[in-house]
Number of protein chains: 2
Amino acid sequence: MKTTRPAAAPAKAAYHHGDLRRSLLDAALGLVASHGVQGFTLREAARAANVSHNAPYRHFPSRTHLLVELATEGQGHLLNALEAAVARTADHRDRIVRMGIAYMEFAISHAAHFRVMFSSDVARNRTADLTAAQNATFQFFESELLASEQAGLIRKGAVQQHALVGWSALHGAALLVLDGVLDNTAIAARRKPREIASLVLESLLKGILNPGGNA
Amino acid sequence: MKTTRPAAAPAKAAYHHGDLRRSLLDAALGLVASHGVQGFTLREAARAANVSHNAPYRHFPSRTHLLVELATEGQGHLLNALEAAVARTADHRDRIVRMGIAYMEFAISHAAHFRVMFSSDVARNRTADLTAAQNATFQFFESELLASEQAGLIRKGAVQQHALVGWSALHGAALLVLDGVLDNTAIAARRKPREIASLVLESLLKGILNPGGNA
DNA sequence: TTCAGGAGTTGACACTGTCAACATTGTTCC
DNA sequence: GGAACAATGTTGACAGTGTCAACTCCTGAA
């Protein structure tokens, strides 16, 4: 983890931590995963990093700011995941489907990040960086659909609307799955998250594909 | 509010509150509205109800349980709103559109309830009652679509899937709007919530309407 | 070598959720 | 009526939290 400093001292040793900021973010992520956003505590993160309860304040002005930072970071990871998913094929329909599935799978397999990214108290303390990261995600959706439109896969003229509806549906499905709200529905109870995403995408595509499409 | 007891005493007077449970839920809702779910405090709710900091424990076993109760109540109100919206017309397409718009409008105009209903720490402490209330909402979506299917408005054979996708899209859109995530998108920035809901519904309907539909 | 400032520490404060023990009230049965 | 009893509220305490202020330690530049 370190770069230059004296390797790995056995005890907690050094006065300067080396990369406290990173350690705190990692610890926070773990705590959110096990105790929820609400249950995350600055002092416990400090403890996990072997540091006094006030050390975090040298890196983050408040508990909320740390969470916002985590959210911004997560949003970047999400965008990376979407880009990676899409990169594996050139077929426009496939790309859309993979992108959607990647969204759902990110929400599930990086649940802690995802929860922080869309927790309400982070939303009300959003920074310009976080806003920019969220906009980038939406624009990625849009650009992908724009390419499909130009290739003639989907109907002309409502790319922004399609992006809005697509993102909403995937986002909503991800949250409903994450919260277990769908666990008692016949349609979703026995399906894996990626299958649920497929169902959502299938329906969405029916609404936007060109009549002559290859559906 | 009271029924039999001595009207409204000017001072806080009476040892027994009368309806503390209700007062606490109302106070909690107000606090969530102004300070967020995270910022809601049992002690402040108690203060708002003119009662000692421990009185709430005679009605709720914990802070979280109070929130779960609030969520269950909100889910009931949501279902009522959906039913009321649908009742105003017999046209199946209209009913679906009104139902969707009502969902979005509930999320916006009852934001505090909605936030509690889908806050993650409520989700992880869900009671049977809350689960039942959520299932009822999904079933209402389903039943509405089933009626449309039988009337020939929408394609045969995938009502559950349509309900899943529809709920997901509306839910996702509501949360994205509520969190302000869409504020910087060209498509949603200058639109009212109900217009955004209309856009979502328009797209969804294109995907499920019968070819011979009146779209 | 000095020294300014970044990084971490200790100590304090008001506040929180929750537990235990106690006080007051309304109800129910003789 | 009054006596037991359960509900409902209260007071007091405790550990834990976020944050502020003042301090110490360490590193890199002048």
Problem - Inter-axis angle, terminal five-pair segments of the helix from dT1(C)-dA30(D) to dC30(C)-dG1(D) [nearest 10°] - result: 0°

Completion exercise
With sequence neighbours left out, the residues meeting salt bridge (Lys or Arg N to Asp or Glu O under 4.0 Å) with E202(A) are K206(A)

Completion exercise
D121(B) CG to dG17(C) P, in whole Å, measures 12 Å

Problem - Rounded distance in Å - CD (Q38(A)) to P (dT16(C)) - result: 14 Å

Practice task
Rounded to the nearest angstrom, tell me the gap between atom CG in L20(A) and atom P in dC26(D).
Solution key: 16 Å

Completion exercise
For residues 98-108 of chain B, the salt bridge (Lys or Arg N to Asp or Glu O under 4.0 Å) pairs (sequence neighbours left out) are E105(B)-R194(B)

Practice task
For R21(A) and dG6(C), give me the distance from atom CZ to atom C1', rounded to whole Å.
Solution key: 14 Å

Exercise for the section: Mind jotting down which residue pairs meet the side chain to side chain donor-acceptor pair (under 3.5 Å) criterion with at least one end in residues 26-47 of chain B? Sequence neighbours excluded, please. Expected result: R63(A)-Q38(B), D121(A)-Q38(B), R22(B)-D26(B)

Problem - Centroid separation H110(A) to H77(A) less than 6.0 Å - result: no

Fill in the blank from the handout: Applying salt bridge (Lys or Arg N to Asp or Glu O under 4.0 Å) to R95(A) and not counting sequence neighbours gives E144(A)

Exercise for the section: Could you encode protein contacts along nucleotides 15-22 of chain D as a string, one character per nucleotide from 5' to 3', using B for base contact, S for sugar-phosphate-only contact and - for no contact, with a heavy-atom cut-off of under 4.0 Å? Expected result: --SBBBBB

Problem - Partner set under salt bridge (Lys or Arg N to Asp or Glu O under 4.0 Å) for E195(B), not counting sequence neighbours - result: none

Exercise answer: donor-acceptor pairs, residues 166-174 of chain B side-chain atoms, under 3.5 Å, sequence neighbours excluded:
{"residue": "W167(B)", "atom": "NE1", "partner": "Y103(B)", "partner atom": "OH", "Å": "2.8"}
{"residue": "S168(B)", "atom": "OG", "partner": "L164(B)", "partner atom": "O", "Å": "2.8"}
{"residue": "H171(B)", "atom": "ND1", "partner": "Y103(B)", "partner atom": "OH", "Å": "2.9"}

Practice task
Please state how far atom CG in L24(B) lies from atom C1' in dG9(D), giving the value in whole angstrom units.
Solution key: 12 Å

Handout entry: Partners passing salt bridge (Lys or Arg N to Asp or Glu O under 4.0 Å) against E69(B) (at least two apart in sequence or in another chain)
Key = R21(B)

Handout entry: Distance, rounded to the nearest Å, where H65(B) contributes NE2 and dG17(C) contributes C1'
Key = 14 Å

